[in-house]
2 protein chains.
Amino acid sequence: MAGSIQSLERAAAILRLLAGGERRLGLSDVANALGLAKGTAHGILRTLQQEGFVEQDPDSGKYQLGAELLRLGQSYLDVHELRARALVWADDLARASGETVYLGVLHQRGVLIVHHVFRPDDTRQVLEVGSMQPLHSTALGKVLTAFDPVARAELVESEREAFTAHTVTDLDVIDAEAAAIRERGWAAAVEETWAGVASIGALIQDRRRNPVGAVALNGPVERVCTTGPDGRIGPVRPDLVVSVREAARAISRDLGAPRF
Amino acid sequence: MAGSIQSLERAAAILRLLAGGERRLGLSDVANALGLAKGTAHGILRTLQQEGFVEQDPDSGKYQLGAELLRLGQSYLDVHELRARALVWADDLARASGETVYLGVLHQRGVLIVHHVFRPDDTRQVLEVGSMQPLHSTALGKVLTAFDPVARAELVESEREAFTAHTVTDLDVIDAEAAAIRERGWAAAVEETWAGVASIGALIQDRRRNPVGAVALNGPVERVCTTGPDGRIGPVRPDLVVSVREAARAISRDLGAPRF
DNA sequence: AACATCGTTCGACAATGCCGACGCTGCTTT
DNA sequence: AAAGCAGCGTCGGCATTGTCGAACGATGTT
């Protein structure tokens, strides 16, 4: 694995730093954080600025991400085949279920949301496209870790934060559940990331049956889960599971996956 | 302006090529298009891939944009101050007017949409955030060219396609209208880009009164424009103009612009 | 089966980007 | 006010680093 272009690696590190860090960063901040000489960091930043990947506040001289990234990110979505095929089915799933639908792909140590259909009511919602969700505590993530060895490897490396009392962080428990997920073909996460929210997810495969992403339905536990006679929250509703699995199958078929 | 990092410039060119080109491109396509040796192009692509900026189809070996761009693009939005301040006001404007609202900033030779509020009805709409609109034939673009000298300079360089019979492409006419726009403080574009669609836009300024963006309302001419007694389409509705200008003023004030 | 094409690897050369020290400007301090 | 202090930007020498072109192996085409 020889020969990575140094200046490119550093430029990428700078972009990630700007993306993660607070608001804007000065030249010295950047140089310090990455252990570069100021002159070096400046050269990279100047080029990035010239190309539109970073912008510089005229007053303070501080740097932040540039607009070109937004444009390219949009282009990524335009080209994304999985997303294109899934648009209609995700929409149908949201309409039929009345809940939010996410479409995600594995990216580094998390699930990148590439499509988001709003819950079909009028409440205000924030578009999550482009944001990341954890691997260990969401339906999307669980599906991917269960079926994609790469995802499982990334999960091992990640830190598995406990978001709620229901979050499972123990690797053995996660692996056991992954086996069950492979068996039955779908995953659920009830209040494991956000309190009061449950999600159901299923796998999307391409024409060679490789896992390429997952589709999931998100909603309040009161609607997504069954309630026992004692009023307790039970497992997720079987009819919603069927809907999600059908959507996943339909998208996979659109991608050329064999018909089973 | 000495000292731009060559490999970075080339990497940026490759990304733009992948963003503009059709679907996926092979290594030779990329190398040819940019006049690079195959080995050189490969080195850059390998690094870009390692960093997540491009992905490679395992079968065909062809390259396409990578997911990291989507994530960074999202981060750009998160950091964007103008957008953050404008969210509420844009929402109000859409609700009050019942029409689509765009928020745009100058980027290269066009207007980059950084926020998009759907028309508040249930029809299916495509999110335009991250896409570009022309400078010469939209309300957003006209506002920016009228108030931002940089935008006007970019306009001169751009090619000004005639999208409809109403599109104005002559520079003198555009300049004359720009003067009028500066005078009255708002711009309109009626069927100049899309047939049947009219838009009204106004300028957003920062604390030092620099033009930093524009907000516009988009809708069908039947609703956005007045109709004369003979049923002909007239100028845009004055009440909508007032709403748009008030929204722009409110956002500018949030950014720290003086209160007039 | 021979050919063409494509992505990838490799080694040599020198161009290129890296580094550290030095201006410069704007702001706070004494 | 003068001095000090950060902060960004620039410059030139050095060697590291990226570039180039040719050759390789795999794939699929004629």
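Each chain gets a letter, A, B and so on, in the order the sequences are listed, and its residues count up from 1. Not measured: the values here are computed from a predicted model.
- Put simply, A/R46 has no side-chain N or O that comes within less than 4.0 Å of OP1 or OP2 on D/dC8.
- Under the 4.0 Å criterion applied to side-chain N and carboxylate O atoms, A/R249 and A/E246 are not assigned as salt-bridge partners.
- Between A/N32 atom CG and C/dC19 atom P the separation is 13 Å, expressed in whole Å.
- Between A/G39 and A/S7, the one whose closest nucleotide on DNA chain D sits nearer the 5' end is A/G39.
- For A/K62 and D/dC8, the NZ to P distance is 7 Å, given to the nearest whole Å.
- Among the nucleotides C/dT8, C/dT9, D/dC20, the one closest to any side-chain atom of B/Y63 is C/dT8.
- Taking the six-membered ring where the residue is Trp, B/H116 and B/Y102 present tilted rings, their angle falling between 30° and 60°.
- The separation between B/L48 atom CG and C/dT8 atom C1' is 17 Å, rounded to whole Å.
- Taking 4.0 Å as the cut-off between side-chain N and carboxylate O, A/E159 and A/R109 do not count as a salt-bridged pair.
- OP1 or OP2 of C/dT8 sits under 4.0 Å from a side-chain N or O of B/Q56.
- For the pair B/R10 and C/dT16, the criterion of a side-chain N or O lying under 4.0 Å from OP1 or OP2 is not met.
- B/I44 places its CD1 atom 13 Å from the P atom of C/dT16, with the value rounded to the nearest Å.
- A donor-acceptor pair under 3.5 Å is formed between the side chain of B/T47 and the backbone N or O of A/I5.
- For the pair A/I14 CD1 and C/dC18 C1', the interatomic distance rounds to 13 Å; values are reported in whole Å.
- Summarising the geometry of B/V79 relative to A/Q64, their closest heavy-atom pair is CG1-OE1, 3.4 Å, with the distance given to 0.1 Å.
- Residues A/A189 and A/S137 approach most closely at CB-O, 3.7 Å, considering heavy atoms.
- Here the P atom of nucleotide C/dC18 and the CG atom of A/L36 are 8 Å apart, to the nearest Å.
- As a whole-Å value, the separation of A/H42 NE2 from D/dT10 C1' is 7 Å.
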With the criterion being N/O to N/O and under 3.5 Å, what pairs connect the protein with nucleotides 23-30 of chain D, and how long is each?
none

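- Protein atom CD1 of A/I5 is 11 Å distant from nucleotide atom P of D/dC20, rounded to whole Å.
- In this structure, the nucleotide among C/dT8, C/dT16, D/dG9 sitting nearest to the side chain of A/L27 is D/dG9.
- Looking at heavy-atom distances under 4.0 Å, A/E9 makes no contact with the nucleic acid at all.
- With C/dC6, D/dG18, C/dT9 as the candidates, the nucleotide lying closest to the side chain of B/S28 is C/dC6.
- Base contact: B/T40 has a heavy atom under 4.0 Å from a base atom.
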Are A/T193 and A/Q133 close enough, and set up right, to give a side-chain hydrogen bond (donor to acceptor under 3.5 Å, both in side chains), and what steps lead you there?
CA-CA 9 Å; A/T193 310; A/Q133 287 187 4; over 6 Å; no
